[in-house]
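Heads up, the thing below is written out as structure tokens.
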Number of protein chains: 2
Amino acid sequence: MPGARDLPHPDAASLVLTDVLFALSDPSRLALVRRLAQGPLEVAACQPAGGEVPKSTLSHHLKTLREAGVVRNVPEGRQRYVSLRREDLDDRFPGLLDAVLGTAPE
Amino acid sequence: MPGARDLPHPDAASLVLTDVLFALSDPSRLALVRRLAQGPLEVAACQPAGGEVPKSTLSHHLKTLREAGVVRNVPEGRQRYVSLRREDLDDRFPGLLDAVLGTAPE
DNA sequence: GGCATAGTTCGATAGTAGTCGAACTATCGC
DNA sequence: GCGATAGTTCGACTACTATCGAACTATGCC
């Protein structure tokens, strides 16, 4: 049974608003979410535009986003794909993501 | 010149999204914001429904909200009135407050 | 002025979050 | 199997946040 290394994700119904807000309240995480709004990325591509960040740091931020239910992180061969849980978020917190993404990045 | 003890407030144009999200990401602060959505309160009335919180703790949360630009805190005689900066927030981050307040409290 | 009231500010402490390097796990290709 | 690659997890350190009591400031009332 290949690929049994799934990470835990909260289900859509149990998302907590304050956790989501907290996950989005970090500039580097928010910037990543903006990019994920345009489509899934593999983890390595989640690096910020300008500089490199240690893998462990990036992984930590992904964990925060994942545990809040903002992103999904699924294994795909040797890599992992990170995607925005847009439908789940829209379903649970209508308009929130649109409002956050609708503001121009600073 | 009576009442020259105004606290600093960021102006509407300079509000930072991540700061606002962080201010709203604390359960007790979010609960207070929900109540402020129904109208201004004096500081003493900002105490959480059930229990009492030390004045210094409450003041700290008000400071976080104020510095993020979420609330306004103005002196009025011996007391202070805390109010939601709804227009400024709607202007700068359209739909955000509605989305946050539209979700039922947990 | 003197006192009570309403809140903020200060200082200390405990818990939590961010950052990084090193170790670990799993997959792919040879 | 062996090595290389892609990420996560662990441990340590630092920085920030929450909480509280005590001190401080300003207003109103007598």
Side-chain angles (χ1 to χ4, degrees), chain A residues 1-10 16 18-33 36 40-48 50-68 70-83, chain B residues 1-10 16 18-33 36 40-48 50-68 70-83:
Chain A
M1 193 180 284
R5 56 197 167 115
D6 298 321
L7 298 170
H9 292 76
V16 176
T18 49
D19 291 349
V20 171
L21 294 174
F22 179 79
L24 297 176
S25 73
D26 179 86
S28 58
R29 287 194 294 259
L30 180 57
L32 174 56
V33 167
L36 288 172
L41 295 171
E42 46 187 84
V43 172
C46 292
Q47 287 284 354
E52 289 287 299
V53 157
K55 297 195 298 182
S56 53
T57 300
L58 181 56
S59 194
H60 168 72
H61 285 305
L62 289 176
K63 183 179 183 181
T64 301
L65 288 167
R66 174 174 54 81
E67 290 181 340
V70 176
V71 305
R72 189 167 276 124
N73 185 337
V74 296
E76 187 84 12
R78 192 163 14 175
Q79 352 191 61
R80 284 171 173 282
Y81 278 94
V82 180
S83 58
Chain B
M1 193 181 284
R5 57 195 166 115
D6 298 320
L7 298 169
H9 292 75
V16 177
T18 49
D19 291 349
V20 171
L21 294 174
F22 179 79
L24 297 175
S25 73
D26 180 85
S28 59
R29 288 195 294 259
L30 180 57
L32 173 56
V33 167
L36 289 171
L41 294 171
E42 48 187 83
V43 171
C46 292
Q47 287 285 354
E52 289 288 300
V53 157
K55 297 195 297 182
S56 54
T57 300
L58 182 56
S59 194
H60 167 72
H61 285 305
L62 289 175
K63 182 179 183 182
T64 301
L65 289 168
R66 173 174 54 80
E67 290 181 340
V70 177
V71 305
R72 189 167 276 125
N73 185 336
V74 296
E76 187 84 12
R78 190 160 22 172
Q79 356 193 61
R80 284 172 174 281
Y81 278 94
V82 180
S83 58

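When side chains are defined from C-beta on, B:N73 counts as touching B:H9, because their heavy atoms get closer than 4.5 Å. Using a 4.5 Å heavy-atom cutoff, the side chains of A:R66 and A:P8 are in contact. Side-chain contact between B:D6 and B:P75: present, with at least one pair of heavy atoms (C-beta onward) separated by less than 4.5 Å. Side-chain contact between B:L58 and B:Q47 is present, with at least one heavy-atom pair separated by less than 4.5 Å.
Rounded to whole Å, the distance from CD on B:E76 to C1' on C:dT8 is 18 Å. Look at CZ on B:R80: it is 7 Å from C1' on C:dT8, rounded to the nearest Å. If you take CD of B:E42 and P of C:dT8, they are 12 Å apart, rounded to a whole angstrom. The interatomic distance linking B:E67 (CD) with C:dT8 (P) rounds to 12 Å, in whole Å. Summarising the geometry, the separation between CG on B:L32 and P on D:dA18 is reported as 14 Å, rounded to the nearest angstrom. Here the C1' atom of nucleotide D:dA26 and the CG atom of B:D6 are 12 Å apart, to the nearest Å. A straight line from CZ of A:F22 to P of C:dG18 spans 5 Å, rounded to a whole angstrom. Atom OH of A:Y81 is separated from atom P of D:dT8 by 14 Å (rounded to the nearest Å).
Among the nucleotides C:dC20, D:dT8, D:dA18, the one closest to the side chain of A:V43 is D:dT8. Taking only side-chain atoms of A:T57, from C-beta outward, the nucleotide of D:dG7, C:dC20, C:dG18 with the closest atom is C:dC20. Distances from the side chain of A:P54 to the nucleotides C:dC20, D:dC29, D:dA18 place C:dC20 closest. Nearest to the side chain of B:R5, among C:dC20, D:dA26, C:dT19, sits D:dA26. With D:dT19, C:dG7, C:dT19 as the choices, the nucleotide that has an atom nearest any side-chain atom of A:H60 turns out to be C:dT19.
Within the structure, every side-chain polar atom (N or O) of A:H61 is placed at least 4.0 Å from both OP1 and OP2 of C:dA17. Taking side-chain N and O atoms only, A:R78 has no distance below 4.0 Å to OP1 or OP2 of D:dA4. Here A:S59 reaches the OP1 or OP2 of D:dT8: one of its side-chain N or O atoms lies under 4.0 Å away.
Across all strands shown, B:L58 has no heavy atoms under 4.0 Å from either base or sugar-phosphate atoms.
For A:S56 and C:dG21, a side-chain-to-base donor-acceptor distance below 3.5 Å is present, hydrogens and geometry of angles not being considered.
Tested against A:V70, the residues A:D19, A:L32, A:L65 include a single side-chain contact (heavy atoms from CB on, under 4.5 Å) partner, A:L65.
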